[in-house]
Amino acid sequence: MKNIFASRGAIAVAGLIIGSGAALMQKLGNPPNMGICVACFERDISGALGLHRAAVVQYLRPEIIGLVLGALLAALVFREFKPRAGSAPIVRFILGFFAMVGALVFLGCPWRAMLRLAGGDGNAIVGIAGLAAGIWTGILFIKSGYNLGRNQKTYASAGLILPVIMVGLLILLILQPKFESGALFFSEKGPGSMHAPLVISLFFGFMVGIIAQRTRFCTMGAIRDIILVRDYYLACGVAGLLLGACITNVLLGQFNPGFIGQPIAHTNQPWNFLGMALAGLAYALAGGCPGRQLFLSGEGDGDAAVFVLGMIVSAGFAHNFGVASSPQGVGPWGPLFVVIGLVACLMIGFTMRQKP
Amino acid sequence: MAEHIDARGLSCPQPVLLARNKMNEAGSGTIEVLADSAAARDNISRLAVQQGWGVNVEERENEFLLTLTRP
């Protein structure tokens with residue numbers, strides 16, 4: 001079956017929908033310049049489950065659930081649900097772990113970096129430059145034979161594990177049971193308390209999941225493919241996202257250019273750059289940005305699911321250990337863990353190369 | 001004599017890189033690529049067309065056989 005979504009025009013429209021939709025989600029209640037952010041929203045899920053106790057960033061974000069389930073539906077309908085696993089899962093967990101460390105030092109995944117830029121946050125330029133530097137480093141490894149090996153076909157039920165976990169989270173979100181420990185945790189103030197109505201968030205995530213699965217939307221891949229194979233297909237999607245969010249922000253009065261006092265952002269530029277460089281390197285070595293890892297999980301890719309779990313666990317760790325940044329600046333242990341993450345990713349890149 | 005690439009089980013961007021390297025190496029002729037993901041099928045097709053190769057895709061039991069040709 002020919003994929004009619006695999007044209008530059010189609011992915012640009014997909015990006016426009018994601019970007020303008022995200023800006024609209026901010027109007028409907030999501031945090032500023034965070035209409036959708038895979039890293040931040042996974043961090044909020046981690047907090048809602050009590051994996052960290054940062055009281056301002058705890059919510060079971062329906063967008064994440066929708067992204068996985070939307071991709072699953074699209075994959076099933078178009079016969080692209082292919083359960084597979086077994087390509088270096090522990091490495092992918094570690095890559096997910098340090099990707100989240102980098103994202104939480106900068107304060108956002110590549111999607112949010114674009115949304116921050118589209119909202120006028122100049123600090124995002126530094127983050128995006130870091131992201132590109134990290135991806136470029138990853139490409140050097142890819143060119144010199146870096147490869148995590150082949151996956152294997154597996155059982156359909158194995159490919160469904162992350163989608164089933166997402167259904168479980170959705171049930172928890174709807175029923176909101178109270179456990180003895182106090183879980184589930186939902187922020188009463190701060191970004192975690194800011195959210196669009198559940199049904200709208202879920203629907204938005206679901207729609208994005210469908211169109212992103214069809215178009216293979218990937219922010220890391222956009223930069224990688226330009227450098228590696230001079231292919232601008234994925235870049236058209238990212239350009240669409242940026243444009244859609246920017247126009248919608250201007251129309252809704254959400255565009256505030258500047259560096260200081262930007263929402264849920266800090267101005268420590270060296271660590272904005274290095275945080276995103278770490279994240280970009282981890283995404284490049286894992287073969288996809290955080291959003292793409294969710295869509296691949298929906299297609300039955302168990303290795304991508306392990307990356308996602310690495311990110312969620314890491315978010316708990318990052319807030320418990322003072323690694324995550326806040327609008328006041330970087331956390332006390334953020335810089336050290338970015339350096340540790342860079343060393344870990346460089347070791348992975350250097351030691352996991354196949355000789356041609 | 002066709003060249004063969006087995007890109008099954010490999011994640012992005014490995015299938016595209018294997019195909020590109022083989023196309024650059026061969027310059028012309030026939031290259032058969034066996035892939036098992038639609039993303040690899042789309043990416044390799046796009047690259048091959050961009051580089052002036054003809055592409056024929058045959059779907060068989062959850063796998064794709066891409067035949068790239070350039071006279």
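A donor-acceptor contact shorter than 3.5 Å is absent between the side chain of A:Arg84 and the backbone of B:Gly9. Between the side chain of B:Gln14 and the backbone N or O of A:Tyr146, at least one donor-acceptor pair lies under 3.5 Å.
Taking a cutoff of 4.0 Å between a charged side-chain nitrogen and a carboxylate oxygen, A:Asp231 and B:Arg20 do not qualify as a salt bridge. Salt bridge absent: A:Lys82 and B:Asp36 never bring a charged side-chain N and a carboxylate O closer than 4.0 Å.
The distance from the CZ atom of A:Arg224 to the SG atom of B:Cys12 is 5.5 Å, given to the nearest 0.5 Å. The distance from the CG atom of A:Asp225 to the CG atom of B:Asn43 is 6.5 Å, given to the nearest 0.5 Å. Between atom OH of residue A:Tyr233 and atom CG of residue B:Asp42 there is a gap of 7.0 Å, rounded to the nearest 0.5 Å. Between A:Gln152 atom CD and B:Arg8 atom CZ the span is 10.5 Å, to the nearest 0.5 Å.
Within the 4.5 angstrom heavy-atom criterion, no atom of A:Leu234 approaches chain B.
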Starting from the C-alpha separation in whole Å, work towards a yes-or-no answer on side chain to side chain contact (heavy atoms under 4.5 Å, CB included) for B:Leu10 and A:Asn147. CA-CA 9 Å; B:Leu10 293 172; A:Asn147 185 352; 3.9 Å; yes
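Highest contact tally toward chain A, considering only B:Leu17, B:Asn21, B:Val16, B:Asn62, is held by B:Asn62 [criterion: heavy-atom pairs under 4.5 Å].
For the residue pair A:Arg150 and B:Ala7, the shortest heavy atom distance occurs at NH1-C, 3.9 Å. Of all heavy-atom pairs spanning B:Ala39 and A:Arg292, the tightest one is CB-NH2, 3.9 Å.
Contact annotation: the side chain of A:Ile142 approaches that of B:Pro13 to within less than 4.5 Å [non-hydrogen atoms, C-beta and beyond].
Interface residues of residues 46-56 of chain B toward chain A, defined by a heavy-atom distance below 4.5 Å and sorted by number: B:Arg46, B:Leu47, B:Gln50.
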Show every donor-acceptor pair shorter than 3.5 Å between a side-chain atom in residues 87-100 of chain A and any protein atom, with sequence neighbours excluded, or say none if there are none.
residue	atom	partner	partner atom	Å
A:Ser87	OG	A:Arg92	NH2	2.9
A:Ser87	OG	A:Leu148	O	3.2
A:Ser87	OG	A:Gly149	O	2.8
A:Arg92	NE	A:Ser87	O	2.6
A:Arg92	NH1	A:Ala286	O	3.3

